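As structure tokens, the structure follows; a few thoughts come after it.
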Amino acid sequence: MSRNALIRLLETFFGRPWLYLIPLALAIGLAVVTVNNSQDEFKSGGVVSVNSDTLLSNLSDVSIDAPFTFETPAGVTSRRINDLLGSTGFAFTVAKEAGLVDALDSGIITLDEVRTQVTAAPVGDSLVSITATTADPEASFRLANATIDSFINLVVDDAVEQSRTAAEFYEDLAGGYQTALDAASNNFDQFVRENDSPLIGERPIDELNEIERLTAAEGFAQDQYANALAKAEDARLVAEQTRLDIDQRVNLVDAPEQPFAAEPDLRKMVLTVLLLVTVGLIGVVALVALAAAFDRSVRDRAGLEARLALPILGSVPIDRQASRRRRPRSQRNEKVAV
Amino acid sequence: MKLRRIRAEKDPAISVATDELELPPISSPIASASRYLSAQLGRSDGLPSRLAFTSAISGEGVSFVSMAFAATLAHDTRRRVGLVQLNWWNQNAERKGLSDVILRGAQIEDVVLDTSDSCLAVIPSGYANGLDRAILARDGTLDKFLNVLEDQYDHLILDLPAVLLTSDSVVLADLTDALALVVRHGVTSYDQVEEAVRQLGEDRISGIILNQEQSRIPRIIRRRLGL
């Protein structure tokens with residue numbers, strides 16, 4: 001900013017300082033009203049440990065073998081929770097877990113509000129704090145719990161998804177095999193019923209061959225069915241093992257508790273005041289700049305010299321004594337000799 | 001605060017008012033500014049015998065500046081100074097003046113007003129209507145009259161009307177040796193000043209005087225920023 005422009009801005013401002021401070025005064029007034037009208041907020045939060053290697057890999061997709069990163073497990077996990085809260089599905093799951101579906105349906109609360117009310121933040125390298133802040137202590141408590149539960153369920157579901165899919169696949173396969181086994185057994189029984197064993201002597205060779213074929217078919221179907229059942233069971237076992245593994249490794253350090261008293265959010269108050277004061281200051285600067293831009297009057301020598309190729313011979317200061325001697329208004333219209 | 005009081009006591013105002021002439025006293029800062037102007041205007045060839053003050057628009061304080069300059073010049077140099085008011089747009093209809101001498105045959109001795117300073121005299125403009133003003137400015141009689149006054153006074157300080165108010169001021173400016181344009185701080189716009197300079201002619205103007213200059217920036221801020 002050039003010296004002339006600075007002088008012009010300052011001259012403009014100090015010409016009517018109270019006028020130009022109006023935006024700042026309004027902003028301060030708005031800040032006071034906002035802080036005074038801010039609702040009491042109740043905060044409920046829990047702390048989850050994510051320091052287990054296996055848990056870490058499940059919770060945050062960060063494995064021990066992952067390349068070097070500056071992000072801590074807690075940082076990655078908290079970021080993932082916040083990212084998930086941005087999705088409609090997870091936010092709705094949290095709201096549903098917290099019993100807020102009716103409130104959502106009736107429009108009392110929105111998913112966006114749920115998102116802003118719940119936050120996850122790292123506490124050190126391995127702890128994640130999940131906090132819910134609402135005007136209702138019960139809602140805060142339920143939201144914090146719901147977020148932790150929903151997140152862990154999501155992680156567990158992700159981990160056992162493959163095993164569960166395998167189990168379902170083999171169960172479906174076993175169903176088909178069982179049908180085949182039943183058919184083979186029926187075929188055998190029917191053949192035996194239709195071809196009774198002779199009272200004397202052995203069965204004819206063709207009957208013996210058929211019985212042998214039917215028995216082999218039934219055995220094969222039995223093996224297939226048993227094999228499918230075993231594999232389905234194995235998959236279920238793996239899923240359950242994974243679930244148990246994660247359940248055992250999840251270390252809820254501090255479970256959310258229902259708050260009994262509202263907590264003044266000093267940070268939010270300070271931020272609100274700072275934001276509004278900044279807006280007010282910007283308004284002051286903008287107003288002064290606007291007024292200075294529209295003020296075409298001569299206010300400084302440098303500006304005059306810059307525009308005219310004429311010397312400034314001097315300046316006559318304002319005659320304060322003359323101002324004090326100013327005549328009463330009733331006499332001002334009279335002509336003065338000079 | 002004590003220093004200011006002592007200084008005020010040591011620098012009394014220049015007072016030239018008489019019973020028949022209402023002239024405000026020239027305070028110390030105004031007198032100092034007038035001395036500075038005098039030094040600047042007389043820098044190259046000495047102070048000219050005819051020096052005129054004018055402005056772009058009316059209300060710039062030309063009459064006050066020319067009066068203060070004349071009073072200070074008379075007080076300091078003890079030379080005879082005549083303040084010739086040629087601003088018929090800011091006239092006292094009841095007081096006789098130059099127009100009565102030129103148009104109505106009054107005697108010059110009847111219109112010259114002496115002041116409490118024996119070196120300073122004021123020649124009022126007198127009354128002139130619109131038609132008379134044009135004649136006064138253009139018919140050449142005024143120039144002859146000023147020549148007569150030059151014999152009686154060492155310096156003639158001419159108080160001219162505003163340039164953008166009437167074209168007469170451009171004509172009257174030709175009657176002077178030096179011309180100073182008074183610009184009122186915070187009132188006159190750059191465009192008005194530029195237009196006045198264009199009409200008068202840049203080469204005819206000795207310089208610009210900023211009148212009623214007053215910075216609204218607090219002194220402490222000015223000092224800090226070196227303004």
Side-chain angles (χ1 to χ4, degrees), chain A residues 1-21 284-285 288 291-328 331-338, chain B residues 13 21-27 29-30 32-34 36-37 39-41 61 63-68 83 85 90-95 113 122 124 159 180-191 193-194 197 202 205-218 221 225 227:
Chain A
M1 184 187 294
S2 73
R3 185 173 177 275
N4 289 350
L6 178 64
I7 291 174
R8 197 156 186 86
L9 286 177
L10 289 173
E11 285 284 355
T12 304
F13 173 75
F14 285 108
R16 295 186 184 90
W18 296 114
L19 173 68
Y20 298 118
L21 284 174
V284 169
V285 172
V288 170
F294 280 101
D295 181 10
R296 303 275 300 151
S297 64
V298 175
R299 291 213 176 267
D300 61 297
R301 293 181 183 207
L304 197 57
E305 280 178 329
R307 293 186 63 142
L308 300 171
L310 288 170
I312 305 298
L313 297 172
S315 62
V316 179
I318 194 163
D319 191 356
R320 298 187 186 283
Q321 292 180 18
S323 301
R324 281 195 288 271
R325 287 193 305 268
R326 189 169 289 175
R327 295 176 301 166
Q331 300 174 17
R332 281 187 200 165
N333 289 333
E334 294 180 12
K335 288 286 181 186
V336 182
V338 174
Chain B
L21 193 61
E22 187 183 350
L23 293 173
I26 312 302
S27 63
I30 304 296
S32 296
S34 298
Y36 185 81
L37 287 177
Q40 290 290 317
L41 285 165
S63 295
F64 178 77
V65 170
S66 54
M67 185 276 293
L83 174 60
Q85 296 176 334
N90 182 22
Q91 58 195 337
N92 186 343
E94 295 171 1
R95 180 170 286 138
L113 298 175
V122 178
D159 174 7
L181 188 68
V182 177
V183 174
R184 189 169 165 193
H185 180 260
V187 174
T188 322
S189 72
Y190 283 106
D191 297 335
V193 176
E194 285 173 339
V197 170
E202 203 172 274
I205 302 172
S206 303
I208 290 173
I209 298 166
L210 265 180
N211 188 28
Q212 297 197 12
E213 188 181 28
Q214 179 197 25
S215 177
R216 288 152 173 170
I217 306 170
I221 294 176
L225 298 177
L227 301 176

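Values in this document were obtained by computation on a predicted structure and should not be read as measured data. Side-chain atoms are counted along with the backbone in the values below, which use heavy atoms only and exclude waters and symmetry mates. Within every chain, numbering begins at 1; the chains are lettered A, B, ... in the order of the sequence lines, protein sequences first and strands thereafter.
Ranked by heavy-atom pairs shorter than 4.5 Å toward chain A, the options B:Ser206, B:Ser32, B:Gly61, B:Ala180 are led by B:Ser206. Per-residue heavy-atom pair counts under 4.5 Å with chain A were compared for B:Ser34, B:Ser189, B:Ala33, and the maximum is reached by B:Ser189.
Proximity to chain B (any heavy atom under 4.5 Å) is restricted, for A:Arg8, to the side chain, taken from C-beta onward. Only the side chain of B:Leu225 comes within less than 4.5 Å of a heavy atom of chain A; its backbone N, CA, C and O stay farther away. Contacts between B:Val197 and chain A at a heavy-atom distance below 4.5 Å involve the side chain alone, from C-beta outward.
Minimum heavy-atom separation, B:Tyr36 to A:Leu313: CE2-O, 3.0 Å. Scanning all heavy atoms of the two residues, the minimum distance from A:Ala292 to A:Thr12 falls at CB-OG1, 3.6 Å. A pairwise comparison of heavy atoms in A:Leu310 and B:Ile205 identifies CD2-O, 3.7 Å as the closest pair.
The side chain to side chain contact (heavy atoms under 4.5 Å, CB included) search around B:Glu194 returns A:Arg307, A:Leu308, B:Asp191, not counting sequence neighbours. Contacts of A:Ser315 classified as side-chain hydrogen bond (donor to acceptor under 3.5 Å, both in side chains), with partners at least two apart in sequence or in another chain: A:Arg301, B:Glu213.
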